[in-house]
Amino acid sequence: RASGRVSVVDPSSGRIVSETRIGTSLTSLAVVPSQRLVFAIDAAAHELLVLDAAEAQRRTVAGRAPLAFDPIEVLVADDGTWAAATSRWS
């Protein structure tokens, strides 16, 4: 969480394939496999991050959206058409 990194893990070996720093303090991740997107919350920056997961070895931030103070969790529709974030103070 405190590293701000997202790790890609090979499920067959359990080993970390790659790590990418995308933020400061990540609290939640949500995956939309059909769109090859990953949504993440950076609590320290109060932002929702949208990651392009098209490349297996690397993740890049494709978009950012501001959130209320102290965001803690993100939920995303199966088809990726909407996302909702919860915060302790909003």
Side-chain angles (χ1 to χ4, degrees):
R1 175 182 179 197
S3 73
R5 295 179 181 274
V6 172
S7 300
V8 177
V9 178
D10 178 343
S12 62
S13 68
R15 293 186 179 181
I16 295 174
V17 176
S18 69
E19 283 189 328
T20 304
R21 184 179 175 123
I22 61 163
T24 305
S25 179
L26 305 180
T27 58
S28 181
L29 291 173
V31 179
V32 183
S34 63
Q35 300 295 318
R36 299 193 59 112
L37 296 173
V38 177
F39 290 76
I41 287 188
D42 185 340
H46 316 296
E47 288 184 323
L48 176 67
L49 309 176
V50 181
L51 310 175
D52 179 0
E55 294 184 40
Q57 302 300 315
R58 202 181 62 157
R59 302 292 177 254
T60 57
V61 178
R64 297 175 182 268
L67 295 174
F69 181 74
D70 202 13
I72 55 173
E73 188 170 5
V74 62
L75 301 171
V76 181
D78 291 340
D79 61 3
T81 56
W82 60 266
T86 60
S87 171
R88 292 182 219 258
W89 306 108
S90 63

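Please read all numbers here as calculations on a predicted model, not as lab measurements. In what follows, residues are counted from 1 in the order of the sequence shown.
- Residues forming a side chain to side chain contact (heavy atoms under 4.5 Å, CB included) with Val9 (at least two apart in sequence, or on another chain): Ile16.
- Residue pairs meeting the side chain to side chain donor-acceptor pair (under 3.5 Å) criterion with at least one partner in residues 38-50, sequence neighbours excluded, are Glu47-Arg64.
- Listed by first and then second residue, the ring-ring contact (aromatic ring centres under 6.0 Å, His included) pairs that reach into residues 5-28 come to none, sequence neighbours excluded.
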Could you pull out every donor-acceptor pair under 3.5 Å between side chains of residues 76-84 and any protein atom, sequence neighbours left out?
{"from": "Asp79", "atom 1": "OD1", "to": "Thr81", "atom 2": "N", "distance (Å)": "3.1"}
{"from": "Asp79", "atom 1": "OD1", "to": "Thr81", "atom 2": "OG1", "distance (Å)": "2.8"}

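- Once rounded to the nearest 0.5 Å, the distance linking CG of Asp70 with CD1 of Ile41 reads 10.0 Å.
- Rounding to the nearest 0.5 angstrom, the gap separating the OG1 atom in Thr60 from the CG atom in Asp52 is 4.5 Å.
- Put simply, Val61 and Leu67 are part of two different groups of oily side chains (I, L, V, M, F, W, Y) that touch within less than 4.5 Å, one to the next.
- Qualifying side chain to side chain contact (heavy atoms under 4.5 Å, CB included) partners for Ser12, counting only residues two or more places apart in sequence or in other chains: Asp10.
- Side chains of Val6 and Leu51 form a contact here, defined as non-hydrogen atoms less than 4.5 Å apart.
- Hydrophobic clustering (side-chain heavy atoms under 4.5 Å, transitive across Ile, Leu, Val, Met, Phe, Trp, Tyr) groups Val32 together with Val50.
- When the side chain to side chain donor-acceptor pair (under 3.5 Å) test is applied to Thr86, no partner is found at least two apart in sequence or on another chain.
- Applying the ring-ring contact (aromatic ring centres under 6.0 Å, His included) test to pairs two or more places apart or on separate chains, none has a residue in residues 23-42.
- Annotation: side chain to side chain contact (heavy atoms under 4.5 Å, CB included) contacts of Ala68 (sequence neighbours excluded): Ser87, Ser90.
- A distance-only check finds no donor-acceptor pair linking the side chain of Arg15 to the backbone of Val17 [under 3.5 Å].
- Under a 3.5 Å cut-off, the side chain of Ser28 and the backbone N or O of Val74 do form a donor-acceptor pair.
- Leu37 and Leu49 fall into different hydrophobic clusters, where Ile, Leu, Val, Met, Phe, Trp and Tyr side chains are chained together by heavy-atom contacts under 4.5 Å.
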